[in-house]
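Residue numbers start from 1 in every chain, and the chains themselves are labelled A, B, ... in the order their sequence lines are given, proteins ahead of strands.
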Amino acid sequence: MADTARDPPPEHTDFHELEDGEEDLFPEPTATEEESQPASLPAEDISTNSNGPKQDSLFDDDPEDLFAEATEEVSLDSPERDVLLSDGPSPAITPITPPTSVITPRIGHAHDDMFTRSSFDEIEEEEGGDSFDIHISVSDPEKVGDGMNAYMAYKVTTKTSMSLFKCSDFSVKRRFSDFLGLHSKLASKYLHIGYIVPPAPEKSIVGMTKVKVGKEDQSSNEFVEKRRSALERYLMRTVKHPILLKDPDVLQFLESSELPRAVSTQALSSAGLLRMVNKAADAVNKMTIKMNESDAWFEEKQQHFENLDVQLRKLHTSVESLVCHRKELSVNTAQFAKSAAMLGNSEDHTALSRALSQLAEVEEKIDQLHQDQANADFYLFSELLGDYVRLITAVKGVFDHRMKTWQKWQDSQMLLQKKREAEAKLQFTNKPDKLQQAKDEIKELEGKVQQGERDFEQISKIIRKEVSRFEKERVKDFKSIIIKYLESLVQTQQQLIKYWEAFLPEAKAIS
Amino acid sequence: MMEEAKDEASVLSVHGDDIKVTEVLKDGDTLTFLIISKKLSGTGEYHVDRTYDDFEWLQQHLFAQEDVPGIQGVIFPPLPAKPQVNASAKTMKQLGILGLGEWQPYCKAMETFLRQVAAHSVLCRNKAVEVFLTSSAPPGRQKIRKNIFNRLSQAVEEMRKEGHKDVDEFFQTERDRNLVLTSCTKTAAEKFLDMVLTEQKIAVACGHFSAALHLLVEPGEDADKQAFSRVCVKLSEVFESMKKNMTSVAENNMSTLGLGLDLESRHQEAEKEMLFRRTCKLVELESTKRNAEKAKPVKKLAMEEVKKAAETEFEHICRVAKQEITRFEKVRVEMLQQALVQWCEKQLLTAKESADQFNKHLQVFGGMA
């Protein structure tokens with residue numbers, strides 16, 4: 001096991017986190033795979049008899065299935081893939097038996113029409129009484145270890161009154177790769193069925209290296225703070241999702257004192273490469289999938305998200321520029337304060353000298369205000385916009401999955417058609433074996449086609465709900481951030497008023 | 001056409017402390033200032049148009065008053081540098097805050113120059129001042145011969161005299177103090193300008209952000225979409241307010257303390273030049289003394305005459321200089337105080353207005369469903 005002692009290999013920084021965890025450029029050999037048991041998942045979840053929804057149709061190794069390799073998720077039927085892609089025997093789909101008593105959605109049961117009733121609404125109804133009351137904070141970053149093996153451990157504190165949890169106030173220690181591992185699991189379970197899984201914060205080689213090396217300067221402190229804040233927002237977004245909140249991996253992440261090390265974040269050669277190849281394949285496929293969009297809603301929404309993406313990126317750049325100027329103003333103000341102090345010192349006229357020294361002090365205080373404002377600009381707006389840019393990427397991914405689901409369905413249909421034609425021909429030949437085989441295949445394909453249609457309808461339904469939830473959350477999110485920001489603006493002005501009112505008599509007293 | 005004004009003593013017929021430079025017209029590289037002065041007798045006013053070159057004409061006349069005893073001891077009110085289109089980096093540095101292209105501060109600076117000239121007991125008597133302020137025809141454009149007052153004519157060798165030890169403690173102290181103050185003030189003015197420039201950048205960035213937010217507004221009947229569009233519109237208004245606030249802050253800075261520091265800086269330079277002229281005279285005097293001592297009997301009398309003349313001139317200069325220094329001290333402290341008080345009052349007002357504005361926005365958001 002080569003990797004437990006070593007830290008993740010140099011990670012590239014500008015791959016935006018998409019549905020899945022990460023794409024590593026320096027993959028580890030598969031031998032590094034560690035089979036560690038997650039504390040709370042029952043062993044039977046790995047078996048193919050798992051009552052996880054049977055998404056066979058999406059994952060099986062049918063050679064004619066054009067998308068067999070194109071999925072990023074673990075297949076229950078394929079143990080090797082299990083090992084490759086997961087960081088533990090966590091099933092691709094939500095297991096039916098979570099550690100707590102909450103009902104999980106049973107999606108896509110081929111032969112079970114439970115899915116017709118386990119819609120979003122009904123899940124929420126079945127909840128009964130447990131209103132959303134949970135607050136997560138990420139705090140106390142602590143460096144563990146030395147040199148390149150060092151990492152930051154963060155304290156994750158959950159305060160809640162929900163019956164979902166064992167306690168109402170508890171904390172655990174987690175490191176960054178744990179968060180990535182959580183996201184990876186959630187993404188593999190939920191993205192392909194249409195849930196918008198909030199993306200995890202991005203990795204940063206430069207930032208982390210500085211921390212590891214022990215550079216205790218402002219920029220590495222800022223980096224840690226930025227990351228801490230991002231992790232907190234990530235968790236809050238995740239638990240705000242009513243389905244994700246109940247996921248056993250989420251609960252384990254929040255509650256369990258020991259968490260198995262997330263190794264998929266360190267990349268596995270074939271999985272990592274596989275994913276990169278898939279992404280390329282996806283890109284090509286996207287160009288060739290011409291979906292007959294019968295539902296105008298989807299077309300409109302897709303366009304909407306494209307626009308939103310573009311605009312948000314522009315706004316994000318704009319705010320980053322604002323933050324930059326604000327920091328520059330802080331520096332300039334500090335320099336002016338120094339020059340005013342020097343001027344005051346050189347001044348012979350006593351009252352003028354004092355006034356100039358006071359001026360220098362006022363300017364120093366104003367400098368601090370500028371720094372605080374720059375932080376507000378950044379942590380409130382810049383990060384909000386950045387989060388939404390990344391979130392939209394997840395949203396677009398979910399729309400893409402829908403297209404793939406449609407494609408799969410269409411492919412099954414076409415295949416069925418072909419098989420039927422072939423069977424028709426075989427009728428006239430004297431090959432009873434082959435005929436029977438053909439009939440069997442047709443039966444199987446008919447099942448697949450039905451499943452494909454159901455999957456497509458299901459994902460479409462879920463996406464509709466998710467988009468609606470996204471749009472509601474978006475308004476709440478923006479409003480709450482804007483209010484905080486305005487409060488910071490008001491406070492800055494009020495401080496300024498205090499400073500100027502204190503300085504005025506000094507200025508008047510000069511002569 | 002007025003001839004070159006003779007250096008006769010004249011009495012200024014306008015209120016020197018009420019001269020106004022009300023506007024400036026730009027025509028290519030030519031700037032024309034509109035100057036209004038109030039008549040001393042009666043209620044009339046003089047309205048004249050003067051170009052930057054006319055100001056320089058005036059300044060040259062003031063420098064050229066060689067028959068006024070001790071004129072070299074005068075601290076001449078400094079004229080702002082000429083603003084240029086596509087100015088060089090050096091010119092921009094020289095202009096400082098006046099180079100930002102804002103005409104109000106520039107007019108104010110020109111106004112201050114005229115008021116200081118008119119308030120100067122010696123300078124105001126120069127006929128050129130009266131002509132400049134009251135004549136409807138533009139003053140003459142003939143170039144006056146350059147004199148040692150012109151900074152550019154101070155040759156490099158002469159700069160070495162700057163450090164020449166003084167014979168008078170008062171002046172040595174003043175020279176030392178001036179040296180320090182000149183550099184400190186210049187630095188403070190430069191740093192202040194940097195602040196103003198960044199404030200302007202922030203205002204522009206806020207404006208961009210405000211405009212960009214409108215692109216997020218979408219038509220549609222969907223309740224959530226409408227809610228989000230409302231949020232974006234209101235946020236856009238917030239950033240518009242931020243832009244206004246920053247713009248005001250920058251303007252306040254420019255028009256009060258910025259101008260004040262700039263004027264103080266130029267004033268210190270003017271004092272520096274006066275002190276340097278005096279030092280040069282001192283060096284010259286010491287040289288004539290030596291010459292008189294060393295002179296052969298044939299030349300001795302002549303040398304003594306030269307020495308006496310130099311002594312007299314030097315005494316005049318010192319007398320005038322002392323008066324000027326005292327006056328200068330008073331004026332600059334008053335001027336700085338005024339700048340600081342105005343600056344503080346304006347920024348206080350802006351802060352109050354902005355706090356109000358942001359509070360209103362806060363209430364709007366708080367009340368939003």
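Residues of residues 202-213 of chain B having a heavy atom under 4.5 Å from any heavy atom of chain A, listed by number: B:Ile202, B:Ala205, B:Cys206, B:His208, B:Phe209, B:Ala212, B:Leu213. Close approach to chain A, defined as a heavy atom under 4.5 Å from one of its heavy atoms, is seen in B:Val180, B:Leu181, B:Cys184, B:Thr185 of residues 178-186 of chain B, taken by number.
Remark: A:Gln493 engages A:Leu496, B:Asn245, B:Ala351, B:Ser354, B:Ala355, B:Phe358 in a side chain to side chain contact (heavy atoms under 4.5 Å, CB included) (not counting sequence neighbours). Partners of B:Glu334 by side chain to side chain contact (heavy atoms under 4.5 Å, CB included), not counting sequence neighbours, listed by chain and number: B:Lys330.
Comparing B:Lys234, B:Glu190, B:Glu345, B:Glu329 by heavy-atom pairs within less than 4.5 Å of chain A, the highest count is held by B:Glu345. Between chain A and the residues B:Leu261, B:Asp356, B:Val333, B:Val238, the largest count of heavy-atom pairs under 4.5 Å involves B:Val333. In terms of heavy-atom pairs under 4.5 angstrom with chain A, the leader among B:Phe228, B:Phe192, B:Trp343 is B:Phe228. Interface remark: of the candidates B:Glu218, B:Gln357, B:His361, B:Gln338, B:Glu218 forms the most heavy-atom pairs closer than 4.5 Å to chain A. Contact count versus chain A (heavy atoms, under 4.5 Å) is highest, among B:Val231, B:Leu216, B:Asp222, B:Leu235, for B:Leu235.
Atom CD of B:Gln226 has more than 12 heavy atoms from other residues, nucleotides or ligands within 6.0 Å. Annotation for A:Glu299: atom CD does not count as buried by contact number, only 12 or fewer foreign heavy atoms lying within 6.0 Å.
To the nearest 0.5 Å, atom OG1 of residue A:Thr333 and atom CE of residue B:Met195 are 5.0 Å apart.
Looking at heavy atoms from C-beta onward, A:Arg237 lies out of side-chain contact with A:Lys240 at the 4.5 angstrom threshold.
Aromatic ring orientation, A:Tyr195 versus A:Tyr190: perpendicular (interplanar angle above 60°, classes split at 30° and 60°).
Neither the backbone nor the side chain of A:Glu506 comes within contact range of chain B, judged by heavy atoms closer than 4.5 Å.
Remark: A:Lys396 does not engage A:Asp400 in a salt bridge, criterion side-chain N to carboxylate O under 4.0 Å. With respect to the salt-bridge test (charged N to carboxylate O, under 4.0 angstrom), the residues A:Lys301 and A:Glu471 qualify.
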